[in-house]
Protein chains: 2
Amino acid sequence: MENKPRSEDRRVRRTKKLLAQALTSLMGQKQLKDITVKELTEKADMNRGTFYLYYRDIFQMLESIEDELLSSLNLILDEKLGETPPNERMLIELFEFIRMNQQIMDVLLSSRGDICFLHKLNRLIREKCISIWGITSEREGEFDYNYYFVAFGCMGLVKAWINKGCVDSSERLAKRVNGILEGQLIKRTAT
Amino acid sequence: MENKPRSEDRRVRRTKKLLAQALTSLMGQKQLKDITVKELTEKADMNRGTFYLYYRDIFQMLESIEDELLSSLNLILDEKLGETPPNERMLIELFEFIRMNQQIMDVLLSSRGDICFLHKLNRLIREKCISIWGITSEREGEFDYNYYFVAFGCMGLVKAWINKGCVDSSERLAKRVNGILEGQLIKRTAT
DNA sequence: CGTTACAGTCAACACCGTGTTCAATAATCC
DNA sequence: GGATTATTGAACACGGTGTTGACTGTAACG
């Protein structure tokens, strides 16, 4: 995050930042559909017309926030993808990123969040899995079930982590994921 | 599904059914936020005021459809919960239910769907897992990560299944889930 | 420092979906 | 068949939307 091109006018940066803060705050209180441009700009203490200078509506605004978040995550993961073995370092990096953006991630994954973000995140994780395990495209279909299971599973695990306030360390979480991938799931740990 | 109490007037059943069909159809075309009561009732070919006789707004209508769906799923699963071993039969039952409600499930889990439904489904699956594996409440927190991983993972798997049009049999899918729970995840199957 | 460019403000506007009402009409139930 | 209840159609005020134009103030740049 905080990767805005410095070419933007300082006033523009300020405006967008205030809007994003107001939105994150409001989303903690009510559903997205109940948030109006009117109250958003009132909370951000600016003119309603200013909003329309940058966004079409509230949903499109959230979408652009999501895409920004995911593209910076993508950058970070790709940096660590070259290393060997990639899994451990990459997972730690992933969890650290989430911890850094805890507030907005919490909102986006909550029941007040956005299912589009969930699907975009799912796709990103799946792509990384395919990169790491190097399945060729013609065999891809065969493993779709596993990739979907793992990608959604990871998101669930992150959700559980955030619910607890991210108290466990990223290292510990990464170890746990590796453990799960190596076959230490419920039945084994529960006995 | 199709569990409406027969005490309702035939006209009421007809109205609700038409509205539900119109909504499912529209949700396949556009986001929920862009669907108005006006166009919904026009599609269902009825007076706009009739909608308000039964629902507050579009979102509340979807919510009641979801809850109905989940409560009938819950009933079915509980019936099979007493059997031993419960896993296999229960999973098959789950997948059959999804296949029967393929259209609405597809919409609800898609990127045009509803994240609330996803969370409600997640909670339902987690509850069943806890029932089956019988973890006492004080140890529950310890296994939260695993339950979330499995519950979300199953939803991802279902999503992948629906994406393929539910061509694989419920039996095969149930076997695959059991396989995953027993530790046959990516690393093993990919080599 | 001063000029130019442009971001933000304020008020006003038509537009449209909302949610509710009422009397009239139609369908269902028993 | 008669009582009951669901649905219709029209009308209404309300409020958020998206856009406009003239203005005011701040930032960027030489």
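Chain identifiers are assigned alphabetically (A, B, ...) following the order of the sequence lines, protein sequences preceding nucleic acid strands; residue numbering begins at 1 within each chain.
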J.: With a 4.0 Å cut-off on N to O distance, would you call B:Asp9 and B:Arg14 a salt bridge?
T.: no
J.: Report the end-to-end axis angle of the helix from C:dT9-D:dA22 to C:dC30-D:dG1; each axis comes from five terminal pairs, and the value is rounded to 10°.
T.: 30°
J.: So that I can tick it off, tell me whether A:Glu42 and A:Lys38 are bridged by a salt bridge, with the cut-off set at under 4.0 angstrom between side-chain N and carboxylate O.
T.: yes
J.: Should we say atom CD of B:Gln60 is surrounded by more than 12 heavy atoms from elsewhere, each under 6.0 Å from it?
T.: yes
J.: If we check salt bridge (Lys or Arg N to Asp or Glu O under 4.0 Å) with B:Glu8, which of these qualifies: B:Lys16, B:Arg13, B:Lys17?
T.: B:Lys16
J.: So which nucleotide from C:dA7, D:dT8, C:dT9 ends up closest to the side chain of B:Met46?
T.: D:dT8
J.: Let me know the distance between CE of B:Met61 and C1' of C:dT18, rounded to the nearest Å.
T.: 17 Å
J.: Test A:Leu91 against every option in A:Leu77, A:Leu181, A:Val177 by the side chain to side chain contact (heavy atoms under 4.5 Å, CB included) rule and name the one that passes.
T.: A:Val177
J.: How about B:Leu62 and B:Tyr55: do any of their side-chain heavy atoms sit closer than 4.5 Å?
T.: no
J.: Starting at atom CZ of A:Arg13, determine the distance to atom C1' of C:dC6, rounded to an integer number of angstrom.
T.: 15 Å
J.: Relative to B:Phe59, does A:Lys33 satisfy both conditions: NZ or CZ under 6.0 angstrom from the six-membered ring centre, and within 45 degrees of the ring's axis?
T.: yes
J.: Is any side-chain nitrogen or oxygen of A:Thr50 closer than 4.0 Å to OP1 or OP2 of C:dT9?
T.: yes
J.: Over how many whole Å does the gap from B:Leu18 atom CG to D:dT7 atom C1' extend?
T.: 13 Å
J.: May I ask you to verify if any side-chain N or O of B:Arg10 is less than 4.0 angstrom from the OP1 or OP2 atom of C:dT28?
T.: yes
J.: When you look at CD of B:Gln21, are more than 12 heavy atoms from neighbouring residues, nucleotides or ligands closer to it than 6.0 Å?
T.: yes
J.: Rounded to whole Å, please give me the gap between CZ in B:Arg11 and P in D:dT4.
T.: 14 Å
J.: Using a cut-off of 4.0 Å between protein heavy atoms and nucleotide atoms, how would you tag nucleotides 16-23 of chain D 5' to 3' with B, S and -?
T.: SBBB----
J.: Quickly work out the A:Lys33 NZ to C:dG17 P distance and round it to whole Å.
T.: 18 Å
J.: Mind checking whether A:Leu53 and A:Val12 have side chains closer than 4.5 Å, heavy atoms only?
T.: no
J.: Whole-Å distance between C:dT9 C1' and A:Asp45 CG?
T.: 12 Å
J.: Find the distance B:Leu53:CG to D:dT8:P and express it as a whole number of Å.
T.: 9 Å
J.: For A:Tyr55, report the nucleic acid contact type (base, sugar-phosphate, nothing); a contact means any heavy atom under 4.0 Å.
T.: nothing
J.: Given C:dA7, C:dC10, D:dA6, which nucleotide is nearest the side-chain atoms of A:Asn47?
T.: C:dC10
J.: Rounded to the nearest angstrom, tell me the gap between atom CD in A:Glu42 and atom P in C:dC10.
T.: 12 Å
